[in-house]
Amino acid sequence: MSGLHVYNTRKRKKELFEPLEAGKVKMYVCGVTVYDYCHLGHARCYVAFDIIHRYLEHLGYRVTYVQNITDLDDKLINRARESDGEKDIKTRVAELAARFTAAYFEDMDRLNILRADLYPTATGNIPRMREIIAGLLEKGVAYRRGGDVYFQVSAFPGYGELSGKNPDDLRAGARVEVDGRKKNPLDFALWKEAAPGEPSWPSPWGEGRPGWHIECSAMSTNLLGATFDIHGGGQDLIFPHHENERAQSMAFTGKPFARYWLHNGFVTINREKMSKSLGNVFNLRDIFKKYKPRVVRFFLLSQHYRSPVDYSGEALDEAGRALFRLDNCYGLARLAGEEIFSLPPDPGVMAGFEEAMNDDFNTAAALAGVYRVVEEFYKNYRKPELPSGLPARLSAVKKICAVLGVDLVDPIHEPAPAGEISDYSALADRLIGGDTLTEDNLRALVSCRELARQNRDWELSDRIRDYLGAKGVSLMDRKGAPTAAVYYPEQLDGE
RNA sequence: GGCGCGGUAGCCAAGUGGUAAGGCGGCGGUCUGCAAAACCGCUAUUCACCGGUUCGAUCCCGGUCCGCGCCUCCA
């Protein structure tokens, strides 16, 4: 596809992406509520938007990426209440938020997610929220009930446009709790009167705290302007969060709000949405104990960001194997010539990549182009010379992987020969028995195996190989070259 | 009930009005002391089902069935 096309939730179709200001993209993505560790669903969302972020920059856009941090909400308050302590509730909420904010960044870093430009917080933007609420009251699209302030949905004609919902239908079938204070069940809180034991801030309507949706309106319009290019988040946020956010923002500024709404699909388990109520939430930190973050990332980008992606151990294993195929190709190509990867990337391969990505960030199709080059390499790498142009195509593969946030890792190592070995058989037995595979031990074992092979001692040779194999280190015997060991560094034991 | 997304080989997954990418797995072979990796060959006469439009549909239209999501906190 020539020119970037994105699926705009509001239009329910793909359309050509044209930023408001040439060469610049302003993007806002709903961030996390920092009351717990991140799960796979968060990874899915932030990997998806990281790829969008990276790809936009690859296309030459200057991207301003804002992602909020919700450090004030019911879940956070409840959780903070559980913790004992003499400190006041506001401090406890803040401490809890700080802790999980730090955890969030750690997890995202491990997934190789680039930082956004700004991470505004709810508590840091109360004045702007009050300003918007006051403006909405002034315009008559919001109303007060005691210490609460509500947005009056009926006063905003475009309500329902984003989510494709008809307010009348919503009213009819809604399971919305009837709140006597609201004029209409769809109306939502902009400001909530302070309750005992909750953090609160002063306002013209009394002590209280902001409603859920208002923070995003405040931060996005404040940092990116009334109208900006991309607003993203998980599909579950379309309604009511984004619908409400859009309504109150447009009612306040009188201008269009986000121009393109992008929403990522869910992670499912056995085809069911991963959610706390179903008890099938997979914490990222637990997943990382078993699967490397880069494998998790690769798994996520092997399907389109809007489709549901079903999590299973088998799927992660498969992603790991597929990623190894890429890494191994990279390693073998480096053996063929380090300089390959400083060559200018092949324009044809890059064009194919862009063609795929321009179609609403079709990473699965983009990977197919990568595999085509990988296959070409594998078919030819043993020949005295690589086919003409292949090195530049390989360089393109590396570049593409980098744009997708997957940095290739060379798994091929040529252990230097160990020093004098007087009795290789005894040494090998000792090292295998010791069961600690450091880099030195690996080197010694490979040397022992060489000696064993020279003596046609296949039993010991294979025993060494099996031992290493059990440690995740495979050996590659080569004609006319020393045996190479294939592994990822983290598979070795520390010294 | 309303709105939306989807049903493609053993599994995952692209895709196009002109006769099915890719990955993983499996089977057979090559290479190897044997392996691993890699390569070669095989692994969907067919794209949920039924109609329609068309010279021709998996791709367009209508309907049916099934799965999932949102409508309530949720990435």
Side-chain angles (χ1 to χ4, degrees), chain A residues 7 9 12 29-33 35-36 38-49 73-75 160 163-177 186 212 232-241 243 263-268 271-277 281 298-299 302-304 306-310 312 314-315 317-326 328-329 331-332 356 359 362-372 374-375 377-382 411-412 453 456-459 461-462 465-466 468-469 473-479 483-486:
Chain A
Y7 182 88
T9 303
R12 274 164 284 284
V29 173
C30 281
V32 280
T33 300
Y35 74 106
D36 203 349
C38 287
H39 57 248
L40 236 202
H42 295 111
R44 161 82 141 155
C45 177
Y46 302 114
V47 164
F49 285 99
D73 95 317
D74 290 349
K75 296 185 289 293
S163 55
K165 293 183 190 306
N166 177 337
D168 298 328
D169 296 341
L170 282 169
R171 217 167 305 159
R175 289 179 286 164
V176 184
E177 217 174 291
L186 290 179
W212 175 32
Q235 276 170 1
D236 50 348
L237 296 180
I238 297 171
F239 191 90
H241 181 55
E243 191 70 72
H263 293 95
N264 65 277
F266 294 120
V267 173
T268 59
R271 306 257 168 209
E272 278 185 317
K273 179 182 172 181
M274 191 171 82
S275 74
K276 301 225 161 158
S277 52
V281 173
F298 193 77
F299 162 71
S302 60
Q303 32 250 295
H304 190 91
R306 280 190 291 117
S307 310
V309 48
D310 203 54
S312 69
E314 294 75 41
D317 288 336
E318 180 185 321
R321 283 189 293 268
L323 183 55
F324 172 77
R325 185 171 161 80
L326 262 49
N328 192 231
C329 167
L332 290 169
D359 183 12
N362 191 338
T363 50
L367 283 177
V370 165
Y371 286 121
R372 259 195 295 282
V374 170
E375 180 172 27
F377 171 76
Y378 278 132
K379 280 181 181 169
N380 292 288
Y381 79 100
R382 263 177 280 236
I412 300 174
R453 294 181 76 216
R456 308 187 68 80
D457 182 352
W458 309 126
E459 189 278 325
S461 167
D462 291 350
R465 189 174 61 198
D466 290 346
L468 293 176
V473 175
S474 56
L475 296 179
M476 180 169 74
D477 292 328
R478 298 176 294 172
K479 280 255 160 75
T483 292
V486 184

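Below, chain A is the first sequence line, B the second, and so on; all start at residue 1.
B/rG33 and B/rU46 are spaced 45 Å apart, taking the P atom of each and rounding to whole Å. Comparing B/rG6 with B/rC49, their C1' atoms are spaced 16 Å from each other, to the whole Å. Only the C1' atoms considered, B/rG56 is 32 Å distant from B/rG23, to the nearest whole Å. When the C1' atom is used for both B/rA9 and B/rC71, the distance is 37 Å, rounded to whole Å. For the C1' atom pair drawn from B/rG15 and B/rC73, the interatomic distance equals 38 Å after rounding to whole Å. Nucleotides B/rA13 and B/rC39 are separated by 24 Å at their P atoms, to the nearest Å. To the nearest whole angstrom, the two C1' atoms, one in B/rU53 and one in B/rG17, are 11 Å apart. Atom P of B/rA48 sits at a distance of 8 Å from the matching atom of B/rC59, rounded to the whole Å.
For A/Glu375, the salt bridge (Lys or Arg N to Asp or Glu O under 4.0 Å) test picks out A/Lys379, with sequence neighbours left out. Evaluation of the salt bridge (Lys or Arg N to Asp or Glu O under 4.0 Å) rule for A/Asp36 yields A/Arg79, A/Lys276 as partners, not counting sequence neighbours. Residues meeting the salt bridge (Lys or Arg N to Asp or Glu O under 4.0 Å) test with A/Arg382, sequence neighbours left out: none.
Contact annotation: A/Gln303 side-chain N/O to B/rA13 OP1/OP2 distance is under 4.0 Å. In this model, the phosphate group of B/rA38 is not approached by any side-chain N or O of A/Asn380 to a distance below 4.0 Å at OP1 or OP2. A sub-4.0 Å separation between OP1 or OP2 of B/rC31 and a side-chain N or O of A/Lys479 is absent. Phosphate contact (OP1/OP2 of B/rG25, side-chain N/O of A/Arg321, threshold under 4.0 Å): present.
Looking only at side-chain heavy atoms (C-beta outward), A/Met476 and A/Leu332 come within less than 4.5 Å of each other. Counting heavy atoms from C-beta outward, A/Met274 and A/Phe266 have side chains that stay 4.5 Å or more apart. Side-chain contact check for A/Asp236 versus A/Lys273: some heavy-atom pair is nearer than 4.5 Å. Under the 4.5 Å side-chain criterion, counting only non-hydrogen atoms from C-beta, A/Phe299 is not in contact with A/Val47.
Nucleotide B/rA75 holds its P atom 14 Å from the CD atom of A/Gln235, rounded to whole Å. The CD1-C1' distance, from A/Ile238 to B/rC68, rounds to 14 Å in whole Å. Taking atom CD of residue A/Glu459 and atom P of nucleotide B/rA35, one finds them 17 Å apart after rounding to whole Å. Here the P atom of nucleotide B/rC70 and the CD atom of A/Glu272 are 11 Å apart, to the nearest Å. Rounding to whole angstrom units, CG of residue A/Leu468 and C1' of B/rA35 are separated by 13 Å. The CG-C1' distance, from A/Leu186 to B/rC71, rounds to 10 Å in whole Å. Atom CG in A/Leu237 sits roughly 11 Å away from atom C1' in B/rC73 (whole-Å rounding). What separates CD of A/Glu314 from P of B/rC11 is a distance of 13 Å, to the nearest Å.
With rounding to the nearest 0.5 Å, the separation of OG in A/Ser163 from NE2 in A/His241 is 13.0 Å. Between the CG atom in A/Leu323 and the CD atom in A/Glu318 there is a gap of 12.0 Å [rounded to 0.5 Å]. The OG1 atom of A/Thr9 lies 4.5 Å from the CD1 atom of A/Ile238; values are rounded to the nearest 0.5 Å. In this structure, A/Asn264 CG and A/Tyr46 OH are separated by 8.5 Å, a value rounded to the nearest 0.5 Å. Atom CG of A/Leu326 is separated from atom CG of A/Leu367 by 7.5 Å, given to the nearest 0.5 angstrom. Note that CG of A/Leu186 is 11.0 Å distant from NZ of A/Lys165, once rounded to the nearest 0.5 Å.
When each of B/rA14, B/rA75, B/rG33 is scored by its nearest atom to the side-chain atoms of A/Lys273, the top-ranked nucleotide is B/rA75.
When heavy atoms are screened at a 4.0 angstrom cut-off, A/Ala322 is found touching the sugar-phosphate backbone but no base atom. Among the atoms of the strands shown, only primed sugar atoms or phosphate atoms (P, OP1, OP2) are found under 4.0 Å from some heavy atom of A/His304. Within the 4.0 angstrom heavy-atom criterion, base atoms lie near A/Gly41. If you check every strand for non-hydrogen atoms under 4.0 Å, A/Val267 touches a base. Base engagement by A/Asn264 is indicated by at least one non-hydrogen atom pair under 4.0 Å involving a base atom. If you check every strand for non-hydrogen atoms under 4.0 Å, A/Gly469 touches nothing. Using a 4.0 Å heavy-atom distance criterion, A/Asn362 is classed as a sugar-phosphate-only contact. Using a 4.0 Å heavy-atom criterion, one finds that A/Leu475 contacts the bases of the nucleic acid, with or without backbone contacts as well. Heavy atoms of A/Arg372 sit under 4.0 angstrom from primed sugar atoms or phosphate atoms, though from no base atom.
With hydrogens and angles ignored, no donor-acceptor pair under 3.5 angstrom links the side chain of A/Asp236 to the base of B/rG69. Between the side chain of A/Glu318 and the base of B/rG23, at least one donor-acceptor pair of N or O atoms lies under 3.5 Å. Donor-acceptor pairing under 3.5 Å, judged by distance alone, is absent between the side chain of A/Asp477 and the base of B/rC31. If you check distances only, the side chain of A/Thr268 never reaches the base of B/rG69 with a donor-acceptor pair under 3.5 Å.
With centroids closer than 5.5 Å and planes inclined by less than 30 degrees as the test, A/Trp458 and the base of B/rG33 pass as a stacked pair.
Crowding of A/Arg456 atom CZ: a count of heavy atoms from other residues, nucleotides or ligands under 6.0 Å not exceeding 12.
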Taking only nitrogen or oxygen atoms into account, show me every contact under 3.5 Å that the protein makes with nucleotides 3-8 of chain B, one pair per line with its distance.
from	atom 1	to	atom 2	distance (Å)
B/rC3	O2'	A/Gly164	O	3.2

- When every nucleotide of nucleotides 39-44 of chain B is labelled 5' to 3' by its protein contacts under 4.0 Å (heavy atoms), B for base, S for sugar-phosphate only, - for none, what sequence of letters results? SS----
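Two residues, A/Leu367 and A/His241, neighbour RNA chain B, and the one matched to the more 5' nucleotide by heavy-atom proximity is A/Leu367. Between A/Phe239 and A/His42, the one whose closest nucleotide on RNA chain B sits nearer the 5' end is A/Phe239.
Pairs of Watson-Crick or G-U wobble type, with distances under 3.5 Å, assemble into runs of 3 or more in RNA chain B at these ranges: B:1-7 with B:65-71, B:10-12 with B:22-24, B:25-30 with B:38-43, B:48-52 with B:60-64.
Between A/Tyr378 and A/Tyr381, the ring-plane angle classifies as perpendicular under the 30° and 60° cut-offs.
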